[in-house]
Amino acid sequence: MANETQSNSGGGGIENQNSFAVIVVLPLLFALALIVLLTIACLLPKCNGETDESKEKRRQKRLEKLNSTIKAERFVDWATKERKLRPDAPPFASVLCVICLEELDDASQIRGLGCHHVFHQRCVDDWFGRWNEYCPLCHRRIMPGEKRAKNEPTAGLPPPVAFMV
Ligand SMILES: [Zn+2]
Ligand SMILES: [Zn+2]
């Protein structure tokens, strides 16, 4: 009888230890994991806020650079200059801004890129501000004189083969 009680209580001890592990340790680990996750979740928006802010600053700088490199002008002024530069070009009737798909009229504020493609100022600013480096039509670099990627076509220049003849 005494032996039975001992073994019972002994068995109970191991059981108690096991249930202690299940009842206390596991929820503790769970809570810890939860705290870590919550901390990360709380910290992340702050980090994002900071990067967003510096991103916005860089975006503004980009746009300033664009503004000083490619001046905004009225479409009619740009078209007059283009006509003088390229008398053989097809007439500028119903030119579309391919970003918003609206027709450019004479009074539209536009930016004419180095590749002779033209877009609304607001459209190309938005496009360039979203970290796009290339013309949406011909994929030449919007900002001239910047470091070229390999195999990139040279804007507006004839291929060097012409000089080898
Ligand atoms: Zn547009
Ligand atoms: Zn282009």
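Order of appearance sets the numbers: ligands from 1, and atoms from 1 within every ligand. In this chain, residues are counted from 1 in sequence order. Note that the structure is predicted; figures quoted are calculated from it, not measured.
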Quiz item: Quick one: CZ on Arg140 to NE2 on His116, what's the gap to the nearest 0.5 Å?
Solution: 9.0 Å

Practice problem: Inspect the contact between Glu53 and Arg59 and indicate whether a charged nitrogen and a carboxylate oxygen are less than 4.0 angstrom apart. | Solution: no

Exercise. Please list, in chain and residue-number order, the protein N/O/S atoms closer than 2.8 Å to the Zn ion (ligand 2).
Key: Cys115 SG, His117 ND1, Cys135 SG, Cys138 SG

Quiz item: Charged N to carboxylate O below 4.0 Å: is that the case for Asp126 and Arg130?
Solution: yes

Quiz item: Using 4.0 Å as the upper bound for N to carboxylate O, is an ion pair formed by Asp77 and Arg74?
Solution: yes

Quiz item: Can we say Glu73 and Arg111 salt-bridge, meaning some charged N sits less than 4.0 Å from an Asp/Glu carboxylate O?
Solution: no

Quiz item: How about Phe119 and Cys100: do any of their side-chain heavy atoms sit closer than 4.5 Å?
Solution: no

Quiz prompt | Gap separating the CZ atom of Phe75 from the SG atom of Cys97, nearest 0.5 angstrom | solution = 11.0 Å

Exercise. Take the Zn ion (ligand 1) and tell me which protein N, O or S atoms are nearer than 2.8 Å.
Key: Cys97 SG, Cys100 SG, His120 ND1, Cys123 SG

Practice problem: Consider only side-chain heavy atoms of I, L, V, M, F, W and Y, link residues closer than 4.5 Å, and tell whether Ile142 and Leu137 are in one cluster. | Solution: yes

Exercise. Answer yes if Val124 and Leu96 sit in the same cluster of Ile, Leu, Val, Met, Phe, Trp and Tyr residues linked by side chain heavy atoms under 4.5 Å apart, and no otherwise.
Key: no

